Amino acid sequence: MRQPIADITPETKAAEITGWVHEIRDLGGLAFYVIRDRTGIIQATIVKKKAPEAVLEAAKAVSRESVVRIAGPVKAVDKAPGGRELIPETFELIARAETPLPLDVAEKVPAELDTRLDSRYLDTRRPRIAAIFQIRSTVMHAVADLLYREGFISIQTPKVVAAATEGGTELFPIAYFEKEAFLNQSPQLYKQMMMAAGFEKVFEIGPIFRAEEHNTVRHLNEATSIDVEVSFADHEDVMALLERLMKNAYEAVFERCAPQLETLGVALDIPETPFPRITYAEAIDIAAPRIEEDLRFGDDLGTAAEKAIGEEMGSHYFVVDWPTAIKPYYAMPYENNPELCRAFDMMHPRMELSSGAQRVHLHDLLVEQIRAKGLSPESFEFYLQPFRYGMPPHAGWGLGAERVVMTMLDLANIREAVLFPRDRHRLTP
RNA sequence: GCCCAGGUAGUGUAGAGGCCUAUCAUGUCGGCCUGUCACGCCGACGACUCGGAUUCGAAUUCCGACCUGGGCGCCA
(Lines give C-alpha, C1' and ligand atoms only; values in the text may rest on other atoms or scores of the structure.)
Protein backbone atom coordinates (compact mmCIF):
# COMPACT_ATOMS: atom_id res chain seq x y z
CA MET A 1 0.00 0.00 0.00
CA ARG A 2 1.33 3.36 -0.97
CA GLN A 3 2.33 5.64 1.87
CA PRO A 4 2.81 9.41 1.80
CA ILE A 5 6.52 10.10 2.13
CA ALA A 6 5.99 12.52 5.01
CA ASP A 7 4.44 9.70 7.05
CA ILE A 8 7.63 7.65 6.98
CA THR A 9 9.63 8.20 10.16
CA PRO A 10 12.82 6.65 11.55
CA GLU A 11 10.52 4.29 13.46
CA THR A 12 8.75 3.02 10.34
CA LYS A 13 9.60 -0.66 9.68
CA ALA A 14 8.90 -0.87 5.97
CA ALA A 15 7.27 1.27 3.31
CA GLU A 16 6.03 1.45 -0.22
CA ILE A 17 6.25 4.83 -1.90
CA THR A 18 5.30 6.20 -5.28
CA GLY A 19 6.74 9.46 -6.45
CA TRP A 20 9.08 11.34 -8.73
CA VAL A 21 12.84 10.89 -8.88
CA HIS A 22 14.07 14.20 -7.54
CA GLU A 23 17.80 13.57 -7.67
CA ILE A 24 20.18 10.72 -8.36
CA ARG A 25 23.59 10.48 -6.73
CA ASP A 26 25.51 7.44 -7.87
CA LEU A 27 28.69 6.99 -5.87
CA GLY A 28 29.73 3.75 -7.51
CA GLY A 29 29.07 0.85 -5.19
CA LEU A 30 26.43 2.94 -3.48
CA ALA A 31 23.66 5.04 -5.01
CA PHE A 32 21.15 7.46 -3.55
CA TYR A 33 17.81 8.10 -5.21
CA VAL A 34 15.92 11.03 -3.70
CA ILE A 35 12.20 10.43 -4.22
CA ARG A 36 9.58 13.15 -3.91
CA ASP A 37 5.81 13.15 -3.59
CA ARG A 38 3.64 16.09 -2.67
CA THR A 39 4.24 15.52 1.04
CA GLY A 40 8.02 15.48 1.05
CA ILE A 41 11.19 13.66 0.07
CA ILE A 42 12.93 10.48 1.13
CA GLN A 43 16.20 8.90 0.16
CA ALA A 44 16.27 5.41 -1.28
CA THR A 45 19.68 3.87 -0.80
CA ILE A 46 20.96 1.09 -3.01
CA VAL A 47 24.01 -0.87 -1.97
CA LYS A 48 24.92 -2.43 -5.27
CA LYS A 49 26.54 -5.55 -3.86
CA LYS A 50 23.47 -6.38 -1.81
CA ALA A 51 20.60 -5.13 -3.96
CA PRO A 52 18.46 -7.53 -6.04
CA GLU A 53 19.34 -7.63 -9.71
CA ALA A 54 15.90 -6.33 -10.71
CA VAL A 55 16.36 -3.27 -8.49
CA LEU A 56 19.72 -2.50 -10.08
CA GLU A 57 18.26 -2.80 -13.55
CA ALA A 58 15.30 -0.55 -12.86
CA ALA A 59 17.44 1.99 -11.03
CA LYS A 60 19.80 2.20 -13.97
CA ALA A 61 16.93 2.84 -16.37
CA VAL A 62 15.32 5.76 -14.52
CA SER A 63 15.88 9.41 -15.29
CA ARG A 64 15.21 12.45 -13.10
CA GLU A 65 11.50 13.20 -12.71
CA SER A 66 10.45 9.70 -13.72
CA VAL A 67 7.63 8.21 -11.67
CA VAL A 68 8.73 5.18 -9.66
CA ARG A 69 7.36 2.80 -7.07
CA ILE A 70 9.79 1.61 -4.44
CA ALA A 71 9.17 -0.76 -1.56
CA GLY A 72 11.41 -2.14 1.14
CA PRO A 73 12.52 -1.83 4.73
CA VAL A 74 13.11 1.56 6.30
CA LYS A 75 16.26 2.19 8.30
CA ALA A 76 16.84 4.95 10.81
CA VAL A 77 20.00 6.70 9.63
CA ASP A 78 21.10 10.00 11.13
CA LYS A 79 22.94 11.17 8.03
CA ALA A 80 19.92 10.61 5.73
CA PRO A 81 17.39 13.41 5.10
CA GLY A 82 14.60 13.12 7.67
CA GLY A 83 16.70 10.66 9.66
CA ARG A 84 15.51 7.66 7.66
CA GLU A 85 16.10 5.92 4.38
CA LEU A 86 14.36 3.32 2.30
CA ILE A 87 16.22 0.19 1.15
CA PRO A 88 14.57 -0.92 -2.11
CA GLU A 89 13.55 -4.54 -2.36
CA THR A 90 11.46 -3.70 -5.38
CA PHE A 91 12.02 -0.73 -7.68
CA GLU A 92 9.55 -0.19 -10.47
CA LEU A 93 9.76 2.39 -13.23
CA ILE A 94 6.17 3.49 -13.80
CA ALA A 95 6.63 6.39 -16.20
CA ARG A 96 9.97 7.44 -17.55
CA ALA A 97 10.68 11.18 -17.93
CA GLU A 98 12.35 12.16 -21.16
CA THR A 99 15.61 14.05 -21.09
CA PRO A 100 16.57 16.79 -21.04
CA LEU A 101 13.92 18.35 -18.82
CA PRO A 102 12.49 21.72 -19.89
CA LEU A 103 13.52 23.09 -16.52
CA ASP A 104 15.42 21.91 -13.49
CA VAL A 105 12.97 20.78 -10.82
CA ALA A 106 15.76 20.35 -8.28
CA GLU A 107 16.48 24.09 -8.62
CA LYS A 108 20.21 23.83 -9.11
CA VAL A 109 19.81 26.14 -12.06
CA PRO A 110 17.24 28.93 -11.87
CA ALA A 111 14.59 29.33 -14.53
CA GLU A 112 12.88 32.52 -15.60
CA LEU A 113 9.18 32.90 -14.92
CA ASP A 114 8.40 32.70 -18.62
CA THR A 115 10.22 29.37 -18.95
CA ARG A 116 8.55 28.12 -15.80
CA LEU A 117 5.08 29.02 -17.00
CA ASP A 118 5.68 27.25 -20.31
CA SER A 119 6.24 24.06 -18.31
CA ARG A 120 4.07 24.87 -15.35
CA TYR A 121 3.42 21.19 -14.60
CA LEU A 122 7.13 20.77 -13.91
CA ASP A 123 7.46 24.10 -12.15
CA THR A 124 4.74 23.12 -9.70
CA ARG A 125 6.69 20.00 -8.78
CA ARG A 126 9.11 22.32 -7.01
CA PRO A 127 8.18 22.32 -3.36
CA ARG A 128 8.14 26.10 -3.02
CA ILE A 129 5.83 26.52 -5.99
CA ALA A 130 3.53 23.77 -4.74
CA ALA A 131 3.48 25.57 -1.39
CA ILE A 132 2.11 28.73 -3.01
CA PHE A 133 -0.86 26.85 -4.42
CA GLN A 134 -1.49 24.86 -1.27
CA ILE A 135 -1.69 28.20 0.53
CA ARG A 136 -3.90 29.68 -2.17
CA SER A 137 -6.23 26.72 -1.74
CA THR A 138 -6.33 27.33 2.01
CA VAL A 139 -7.10 31.01 1.47
CA MET A 140 -9.98 30.22 -0.88
CA HIS A 141 -11.33 27.60 1.47
CA ALA A 142 -11.15 29.97 4.44
CA VAL A 143 -12.87 32.73 2.48
CA ALA A 144 -15.77 30.56 1.37
CA ASP A 145 -15.98 28.99 4.80
CA LEU A 146 -16.36 32.34 6.55
CA LEU A 147 -18.97 33.54 4.09
CA TYR A 148 -21.02 30.35 4.46
CA ARG A 149 -20.75 30.63 8.24
CA GLU A 150 -22.09 34.15 8.03
CA GLY A 151 -25.12 33.03 6.06
CA PHE A 152 -24.08 33.94 2.52
CA ILE A 153 -25.49 32.19 -0.51
CA SER A 154 -22.99 31.23 -3.18
CA ILE A 155 -24.04 32.29 -6.66
CA GLN A 156 -22.70 31.82 -10.18
CA THR A 157 -23.43 34.53 -12.71
CA PRO A 158 -22.80 34.73 -16.46
CA LYS A 159 -19.31 35.36 -17.77
CA VAL A 160 -20.66 35.96 -21.25
CA VAL A 161 -22.51 39.26 -21.20
CA ALA A 162 -24.06 41.74 -23.58
CA ALA A 163 -22.68 45.01 -22.24
CA ALA A 164 -20.05 46.68 -20.16
CA THR A 165 -20.54 46.89 -16.41
CA GLU A 166 -19.07 50.25 -15.73
CA GLY A 167 -17.64 51.64 -18.89
CA GLY A 168 -13.99 52.52 -18.51
CA THR A 169 -12.10 49.27 -18.67
CA GLU A 170 -11.84 47.43 -21.92
CA LEU A 171 -13.81 44.26 -22.57
CA PHE A 172 -12.92 41.21 -24.58
CA PRO A 173 -15.39 40.93 -27.44
CA ILE A 174 -16.44 37.42 -28.35
CA ALA A 175 -18.52 35.90 -31.10
CA TYR A 176 -21.89 34.81 -29.75
CA PHE A 177 -23.81 33.40 -32.71
CA GLU A 178 -25.21 36.43 -34.53
CA LYS A 179 -24.85 38.76 -31.56
CA GLU A 180 -22.08 40.87 -30.10
CA ALA A 181 -21.01 39.73 -26.67
CA PHE A 182 -18.24 40.25 -24.15
CA LEU A 183 -16.48 38.49 -21.33
CA ASN A 184 -17.61 39.84 -18.00
CA GLN A 185 -15.29 42.31 -16.29
CA SER A 186 -17.11 41.95 -12.94
CA PRO A 187 -20.22 40.27 -11.53
CA GLN A 188 -21.26 43.67 -10.13
CA LEU A 189 -24.58 44.09 -11.87
CA TYR A 190 -25.66 40.50 -11.27
CA LYS A 191 -24.79 40.63 -7.58
CA GLN A 192 -26.94 43.71 -7.25
CA MET A 193 -29.82 42.10 -9.09
CA MET A 194 -29.69 39.31 -6.53
CA MET A 195 -30.38 41.92 -3.88
CA ALA A 196 -33.65 42.66 -5.67
CA ALA A 197 -34.09 38.90 -5.86
CA GLY A 198 -34.25 38.81 -2.10
CA PHE A 199 -31.14 36.71 -1.45
CA GLU A 200 -29.82 39.35 0.99
CA LYS A 201 -26.27 37.98 1.26
CA VAL A 202 -24.51 36.58 -1.78
CA PHE A 203 -20.99 35.83 -2.82
CA GLU A 204 -19.34 34.69 -5.98
CA ILE A 205 -15.79 33.57 -6.50
CA GLY A 206 -15.08 33.51 -10.18
CA PRO A 207 -13.09 34.80 -13.11
CA ILE A 208 -13.18 38.37 -14.32
CA PHE A 209 -11.74 39.53 -17.61
CA ARG A 210 -10.08 42.84 -18.40
CA ALA A 211 -8.84 43.57 -21.91
CA GLU A 212 -6.32 46.19 -20.78
CA GLU A 213 -2.96 45.99 -22.48
CA HIS A 214 -1.15 46.48 -19.24
CA ASN A 215 2.14 44.80 -18.70
CA THR A 216 2.91 44.81 -15.02
CA VAL A 217 3.63 42.43 -12.16
CA ARG A 218 0.25 43.13 -10.55
CA HIS A 219 -2.24 42.84 -13.43
CA LEU A 220 -3.81 39.87 -15.14
CA ASN A 221 -6.23 39.79 -18.03
CA GLU A 222 -8.06 36.97 -16.32
CA ALA A 223 -8.22 37.26 -12.55
CA THR A 224 -10.19 35.66 -9.75
CA SER A 225 -12.59 37.96 -7.98
CA ILE A 226 -14.05 37.32 -4.55
CA ASP A 227 -17.29 39.29 -4.74
CA VAL A 228 -19.89 39.89 -2.06
CA GLU A 229 -23.10 41.87 -1.85
CA VAL A 230 -25.21 42.41 1.29
CA SER A 231 -28.71 43.84 1.59
CA PHE A 232 -29.67 46.25 4.38
CA ALA A 233 -25.99 46.98 4.86
CA ASP A 234 -23.94 50.12 4.41
CA HIS A 235 -20.33 50.54 3.42
CA GLU A 236 -19.18 50.32 7.06
CA ASP A 237 -20.88 46.94 7.47
CA VAL A 238 -19.15 45.43 4.47
CA MET A 239 -15.80 46.95 5.41
CA ALA A 240 -16.08 45.16 8.73
CA LEU A 241 -16.94 41.95 6.85
CA LEU A 242 -13.89 42.40 4.66
CA GLU A 243 -11.69 42.81 7.74
CA ARG A 244 -13.07 39.62 9.27
CA LEU A 245 -12.55 37.80 6.01
CA MET A 246 -8.94 38.94 5.61
CA LYS A 247 -8.08 38.12 9.19
CA ASN A 248 -9.74 34.72 8.87
CA ALA A 249 -7.78 33.93 5.71
CA TYR A 250 -4.46 34.89 7.31
CA GLU A 251 -5.26 32.90 10.44
CA ALA A 252 -6.21 29.84 8.42
CA VAL A 253 -2.92 29.96 6.54
CA PHE A 254 -1.00 30.56 9.74
CA GLU A 255 -2.64 27.58 11.43
CA ARG A 256 -2.85 25.11 8.59
CA CYS A 257 0.11 25.93 6.34
CA ALA A 258 3.11 26.13 8.66
CA PRO A 259 5.23 23.75 6.52
CA GLN A 260 4.39 25.65 3.34
CA LEU A 261 5.22 29.00 4.95
CA GLU A 262 8.51 27.56 6.10
CA THR A 263 9.27 26.25 2.61
CA LEU A 264 8.64 29.74 1.28
CA GLY A 265 10.54 31.42 4.09
CA VAL A 266 7.56 33.62 4.87
CA ALA A 267 6.98 34.87 8.42
CA LEU A 268 3.29 35.60 8.26
CA ASP A 269 2.03 38.70 10.02
CA ILE A 270 -1.67 38.42 10.71
CA PRO A 271 -3.04 41.90 10.05
CA GLU A 272 -4.68 43.58 13.00
CA THR A 273 -8.27 44.67 12.76
CA PRO A 274 -9.83 47.09 12.43
CA PHE A 275 -7.70 48.35 9.55
CA PRO A 276 -6.98 52.08 9.79
CA ARG A 277 -9.31 54.26 7.74
CA ILE A 278 -8.13 57.37 6.01
CA THR A 279 -10.29 59.56 3.87
CA TYR A 280 -9.49 60.19 0.25
CA ALA A 281 -8.69 63.81 1.20
CA GLU A 282 -6.22 62.62 3.83
CA ALA A 283 -4.69 60.22 1.32
CA ILE A 284 -4.08 63.12 -1.05
CA ASP A 285 -2.48 65.11 1.76
CA ILE A 286 -0.18 62.23 2.64
CA ALA A 287 0.84 61.53 -0.94
CA ALA A 288 1.07 65.00 -2.48
CA PRO A 289 4.24 66.18 -0.69
CA ARG A 290 5.93 62.80 -1.15
CA ILE A 291 5.68 62.38 -4.89
CA GLU A 292 6.99 64.23 -7.91
CA GLU A 293 3.82 64.56 -9.91
CA ASP A 294 1.15 67.13 -9.18
CA LEU A 295 -1.64 65.60 -7.12
CA ARG A 296 -4.86 67.40 -6.25
CA PHE A 297 -8.24 66.61 -4.84
CA GLY A 298 -10.21 64.92 -7.60
CA ASP A 299 -7.27 63.06 -9.12
CA ASP A 300 -7.02 59.31 -9.10
CA LEU A 301 -4.45 57.87 -6.76
CA GLY A 302 -1.70 56.72 -9.10
CA THR A 303 0.97 54.12 -8.46
CA ALA A 304 3.41 56.60 -6.95
CA ALA A 305 0.73 57.95 -4.60
CA GLU A 306 -0.33 54.44 -3.57
CA LYS A 307 3.24 53.55 -2.81
CA ALA A 308 3.86 56.72 -0.78
CA ILE A 309 0.70 56.21 1.28
CA GLY A 310 1.48 52.52 1.72
CA GLU A 311 4.89 53.33 3.16
CA GLU A 312 3.26 55.74 5.56
CA MET A 313 0.52 53.28 6.63
CA GLY A 314 2.71 50.17 6.87
CA SER A 315 -0.09 47.59 6.72
CA HIS A 316 -3.60 47.06 5.38
CA TYR A 317 -5.80 50.15 5.42
CA PHE A 318 -8.96 51.61 3.94
CA VAL A 319 -9.32 54.75 1.87
CA VAL A 320 -12.86 56.06 2.35
CA ASP A 321 -15.04 59.01 1.28
CA TRP A 322 -14.03 59.15 -2.36
CA PRO A 323 -15.12 61.90 -4.73
CA THR A 324 -18.28 60.74 -6.47
CA ALA A 325 -16.79 61.89 -9.76
CA ILE A 326 -14.02 59.28 -9.82
CA LYS A 327 -16.00 56.28 -8.56
CA PRO A 328 -18.49 54.22 -10.58
CA TYR A 329 -22.10 55.32 -10.96
CA TYR A 330 -23.34 52.66 -8.56
CA ALA A 331 -21.53 54.17 -5.54
CA MET A 332 -23.92 55.95 -3.19
CA PRO A 333 -23.24 59.66 -2.65
CA TYR A 334 -23.52 61.08 0.85
CA GLU A 335 -26.93 62.72 1.27
CA ASN A 336 -25.48 65.80 2.92
CA ASN A 337 -22.49 66.05 0.59
CA PRO A 338 -23.09 64.41 -2.78
CA GLU A 339 -19.62 65.37 -3.96
CA LEU A 340 -18.36 62.47 -1.85
CA CYS A 341 -19.61 58.90 -1.86
CA ARG A 342 -19.76 55.87 0.37
CA ALA A 343 -17.04 54.07 -1.55
CA PHE A 344 -13.83 52.58 -0.23
CA ASP A 345 -10.68 50.86 -1.37
CA MET A 346 -8.92 48.31 0.80
CA MET A 347 -5.21 48.59 0.36
CA HIS A 348 -2.13 46.57 1.14
CA PRO A 349 0.98 48.79 1.29
CA ARG A 350 2.00 47.35 -2.08
CA MET A 351 -1.29 47.75 -3.94
CA GLU A 352 -5.05 47.88 -3.99
CA LEU A 353 -6.72 44.62 -2.98
CA SER A 354 -10.38 45.47 -2.94
CA SER A 355 -12.84 48.18 -3.75
CA GLY A 356 -16.41 48.47 -2.65
CA ALA A 357 -19.21 50.78 -1.69
CA GLN A 358 -22.66 51.18 -0.45
CA ARG A 359 -24.60 51.11 -3.69
CA VAL A 360 -27.23 53.36 -5.12
CA HIS A 361 -30.50 51.50 -4.60
CA LEU A 362 -32.76 54.34 -5.78
CA HIS A 363 -33.75 53.93 -9.41
CA ASP A 364 -33.94 57.58 -10.39
CA LEU A 365 -30.67 58.49 -8.72
CA LEU A 366 -28.99 55.56 -10.43
CA VAL A 367 -30.22 56.67 -13.85
CA GLU A 368 -29.01 60.17 -13.11
CA GLN A 369 -25.57 58.91 -12.14
CA ILE A 370 -25.31 56.67 -15.18
CA ARG A 371 -26.05 59.71 -17.35
CA ALA A 372 -23.54 61.79 -15.41
CA LYS A 373 -20.84 59.29 -16.39
CA GLY A 374 -21.78 59.72 -20.03
CA LEU A 375 -23.30 56.24 -20.26
CA SER A 376 -26.71 55.47 -21.63
CA PRO A 377 -29.32 54.02 -19.24
CA GLU A 378 -31.01 52.27 -22.17
CA SER A 379 -28.19 49.79 -22.51
CA PHE A 380 -28.56 48.92 -18.80
CA GLU A 381 -32.27 48.27 -18.89
CA PHE A 382 -31.94 44.66 -17.71
CA TYR A 383 -30.02 45.98 -14.71
CA LEU A 384 -32.17 49.01 -13.98
CA GLN A 385 -35.52 47.25 -14.05
CA PRO A 386 -35.08 45.48 -10.69
CA PHE A 387 -34.51 48.88 -9.08
CA ARG A 388 -38.14 49.76 -9.84
CA TYR A 389 -39.69 46.91 -7.89
CA GLY A 390 -38.36 47.11 -4.37
CA MET A 391 -34.57 47.20 -4.26
CA PRO A 392 -33.24 47.11 -0.72
CA PRO A 393 -30.32 49.31 0.32
CA HIS A 394 -27.16 47.27 -0.10
CA ALA A 395 -23.39 47.32 -0.14
CA GLY A 396 -20.59 45.07 -1.32
CA TRP A 397 -17.08 44.73 -2.61
CA GLY A 398 -14.80 42.81 -4.91
CA LEU A 399 -11.51 41.41 -3.69
CA GLY A 400 -8.69 40.24 -5.96
CA ALA A 401 -7.80 36.70 -4.91
CA GLU A 402 -4.42 36.70 -6.65
CA ARG A 403 -3.49 39.98 -5.05
CA VAL A 404 -4.36 38.64 -1.61
CA VAL A 405 -2.08 35.64 -2.14
CA MET A 406 0.63 37.76 -3.75
CA THR A 407 0.77 40.28 -0.92
CA MET A 408 0.37 37.62 1.78
CA LEU A 409 3.40 35.71 0.52
CA ASP A 410 5.33 38.72 -0.75
CA LEU A 411 5.50 37.29 -4.28
CA ALA A 412 7.32 39.48 -6.76
CA ASN A 413 4.90 38.82 -9.62
CA ILE A 414 1.16 38.20 -9.55
CA ARG A 415 1.64 35.45 -12.13
CA GLU A 416 3.29 33.44 -9.35
CA ALA A 417 -0.13 33.28 -7.67
CA VAL A 418 -1.94 31.81 -10.71
CA LEU A 419 -1.42 28.34 -12.11
CA PHE A 420 -1.98 29.36 -15.72
CA PRO A 421 -1.88 33.16 -15.97
CA ARG A 422 -3.49 35.07 -18.80
CA ASP A 423 -1.60 38.22 -19.57
CA ARG A 424 -0.95 40.44 -22.55
CA HIS A 425 1.08 37.77 -24.31
CA ARG A 426 0.26 34.46 -22.71
CA LEU A 427 -2.65 32.33 -23.90
CA THR A 428 -1.07 28.90 -23.37
CA PRO A 429 -0.84 26.68 -21.50
C1' G B 1 -2.35 53.24 -25.72
C1' C B 2 2.60 55.55 -24.34
C1' C B 3 7.70 54.60 -22.72
C1' C B 4 12.10 51.57 -21.53
C1' A B 5 14.96 47.07 -21.68
C1' G B 6 16.17 42.41 -23.77
C1' G B 7 16.48 37.69 -27.19
C1' U B 8 23.58 33.08 -26.88
C1' A B 9 23.28 24.94 -25.83
C1' G B 10 17.36 21.75 -22.42
C1' U B 11 18.07 25.53 -18.21
C1' G B 12 20.69 29.92 -16.10
C1' U B 13 24.76 32.84 -17.92
C1' A B 14 29.89 35.25 -20.02
C1' G B 15 30.58 38.19 -24.35
C1' A B 16 31.11 45.60 -26.16
C1' G B 17 34.28 44.56 -34.51
C1' G B 18 39.42 40.00 -35.53
C1' C B 19 41.60 37.04 -29.15
C1' C B 20 34.77 33.01 -30.80
C1' U B 21 36.18 26.35 -34.00
C1' A B 22 31.80 31.23 -28.30
C1' U B 23 32.77 31.31 -21.41
C1' C B 24 31.11 29.13 -16.99
C1' A B 25 27.53 26.30 -14.37
C1' U B 26 23.81 22.80 -14.59
C1' G B 27 22.09 18.87 -17.70
C1' U B 28 22.59 14.49 -20.99
C1' C B 29 25.85 10.30 -22.53
C1' G B 30 30.33 7.20 -21.34
C1' G B 31 34.20 5.93 -17.60
C1' C B 32 36.00 5.81 -12.23
C1' C B 33 34.05 6.06 -7.29
C1' U B 34 30.49 2.49 -0.61
C1' G B 35 27.49 7.56 2.92
C1' U B 36 26.05 11.30 -0.77
C1' C B 37 22.76 15.35 0.32
C1' A B 38 24.78 21.48 -5.11
C1' C B 39 28.68 14.22 -4.10
C1' G B 40 33.65 14.27 -6.46
C1' C B 41 37.03 13.29 -10.67
C1' C B 42 38.00 12.34 -16.24
C1' G B 43 36.05 12.62 -21.30
C1' A B 44 32.27 13.71 -24.85
C1' C B 45 27.56 16.25 -26.53
C1' G B 46 24.81 20.62 -27.04
C1' A B 47 23.60 27.54 -28.54
C1' C B 48 24.42 33.19 -31.09
C1' U B 49 15.56 34.48 -32.88
C1' C B 50 14.86 35.64 -38.25
C1' G B 51 15.79 38.81 -42.66
C1' G B 52 18.54 42.75 -44.68
C1' A B 53 22.62 46.47 -44.36
C1' U B 54 27.68 48.35 -43.04
C1' U B 55 32.62 46.04 -43.01
C1' C B 56 38.23 42.65 -45.55
C1' G B 57 35.77 40.55 -41.10
C1' A B 58 29.44 40.84 -37.15
C1' A B 59 27.06 37.08 -31.32
C1' U B 60 28.93 42.20 -31.03
C1' U B 61 27.21 48.11 -35.17
C1' C B 62 22.68 49.81 -38.06
C1' C B 63 17.51 48.91 -40.10
C1' G B 64 13.15 45.85 -40.12
C1' A B 65 10.24 41.70 -38.44
C1' C B 66 9.01 38.28 -34.72
C1' C B 67 9.19 37.02 -29.59
C1' U B 68 9.82 38.40 -24.42
C1' G B 69 10.39 41.21 -19.72
C1' G B 70 9.25 45.71 -17.17
C1' G B 71 7.35 50.95 -16.08
C1' C B 72 3.10 54.27 -16.69
C1' G B 73 -2.09 55.01 -17.47
C1' C B 74 -6.34 52.03 -15.63
C1' C B 75 -7.67 48.65 -12.28
C1' A B 76 -8.74 43.58 -8.45
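Quick caveat: nothing in here was measured; it's all calculated off a predicted structure. Numbered from 1 within each chain, the chains take letters A, B, ... in sequence-line order.
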Kindly indicate whether the side chain of [X] and the base of [N] share any N or O donor-acceptor pair separated by less than 3.5 Å?
X      : N     : answer
A:R210 : B:A76 : yes
A:H214 : B:C72 : no
A:E112 : B:G6  : no

Can you tell me the pairing partner of [N] across any strand shown, Watson-Crick or G-U wobble, with both distances under 3.5 angstrom?
N     : answer
B:U60 : none
B:U23 : none
B:G69 : B:C4
B:C29 : B:G43

Can you list the steps and then say if A:R136 with A:E402 is a salt bridge (Lys or Arg N to Asp or Glu O under 4.0 Å)?
CA-CA 8 Å; A:R136 176 174 166 142; A:E402 287 81 11; 3.2 Å; yes
Which of these nucleotides, B:U68, B:C37, B:A76, is closest to any side-chain atom of A:D114?
B:U68
Say you pick atom C1' in B:A44 and the same atom in B:C4; how far apart are they, in whole Å?
43 Å
Test item: side-chain donor near acceptor, A:T45 and A:E85, under 3.5 Å
yes
Criterion side-chain contact (heavy atoms from CB on, under 4.5 Å) against A:E416, the qualifying member of A:L409, A:I129, A:D123
A:I129
Would you please confirm or rule out a distance under 4.0 Å between OP1 or OP2 of [N] and any side-chain N or O of [X]?
X      : N     : value
A:S225 : B:A76 : no
A:K48  : B:U34 : no
A:T303 : B:G71 : no
A:N413 : B:G70 : yes

Please confirm whether the ring centroid of A:F275 lies under 6.0 Å from the ring centroid of A:Y317.
no
